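Excluded from the calculations below are hydrogen atoms, water molecules and symmetry mates; all remaining heavy atoms, backbone and side chain alike, are included. Counting starts at 1 for both ligands and their atoms, in listed order. Note that this is a predicted model, so its numbers are computed, not measured.
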Amino acid sequence: MATFKRILITGAAGRLGSVLRKELAHLAETLRLTDIADMGDAAPHEELVQCDIGDMNQVLELTRDVDAVVHLGGIPLENTFENILHANIRGSYNVYEACRLNGVKRVVYGSSNHAIGFYERDAMIDSFVPHRPDSLYGLSKAFVEDLGRYYFDKFGLESVAIRIGSSFEAPADRRMLATWMSFGDFAHMVDRCLSVPRVGFLVVYGVSDNNEQFWNNQQAGILGYRPRDNAEDYRGEIEASTPVPDPTDPAVIYCGGSFTAAGHYEDNH
Ligand code: 15L
């Protein structure tokens, strides 16, 4: 039975938005879905609103009569500062501020490991370490995590920031043997983030039950998160198809992988 009247998902046309569009349908009478890109046709339980979350007036409309928001909208990789500023920073500010004005109770935010990408893998950091972004994209994730903390401390608007590792159909390289989150585990984690009675402001890591881990994910216990998948199942094929990594390469030393080794994006764009 549906627990919520209406849940809004931003970034609904993206890889993970498309997963939640299917997997969260049981949780709400209505899923309101938004993206700047086309989302196809609406099912009977769906409302589709194509819009730019960088525009506050549109976000105010979007968040009306909504119980909770799963905020995945924005640019999912490194980009120019102007683009990151518009879609990720301003767009997320608009989402939080519109939620406050419209009385929305909880936001689940699709953060990223790139907010802490410059920690060494061996450090086994937890959710409480200071940010160490590895990119402009990672900086925007760090900003939005702090935005969530601010909106909880000042206004009681609850948030869970999920620092997603690598959520794909299957792990694609050696780093993902530690950072992979299956689509099923992602949907389950978001379901828990929405369903648990109290979350306050919480930061968790979005990873499956992988044998190899970079992060201490103790905070995810608060959610009753029980991952079912393990990247270890793919180790044989990944090790057979990818070269042995150079242990002195920053992309191998740090959690953020290739993002830490890449130059400043603005230099070439
Ligand atoms: C992310 O934040 C990206 O959205 C995704 O495409 C992957 O690059 C992932 O991080 C990762 O670190 O593997």
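Among residues two or more places apart in sequence or in another chain, the side chain to side chain donor-acceptor pair (under 3.5 Å) test is passed with Asn57 by none.
Side-chain atoms of His269 come within 3.5 Å of backbone atoms of Tyr265 as a donor-acceptor pair (strictly under, hydrogens ignored). Arg175 contributes a side-chain N or O that, together with a main-chain N or O of Cys255, makes up a donor-acceptor pair within less than 3.5 Å.
Each salt bridge (charged side-chain N to carboxylate O under 4.0 Å, His left out) pair with one or both residues in residues 131-156, not counting sequence neighbours, appears once here: Glu145-Arg163. For residues 26-47, the salt bridge (charged side-chain N to carboxylate O under 4.0 Å, His left out) pairs, not counting sequence neighbours, are Arg6-Glu47, Arg21-Glu46, Arg32-Glu47.
Because its NZ or CZ atom is both nearer than 6.0 Å to the ring centre of Phe168 and within 45° of the ring axis, Arg15 counts as a cation-pi partner of that residue.
If you look at ligand 1, the protein residues with a non-hydrogen atom under 4.0 Å away are Arg15, Pro76, Leu77, Ser112, Asn113, His114, Tyr137, Gly165, Ser166, Phe168, Arg175, Phe259.
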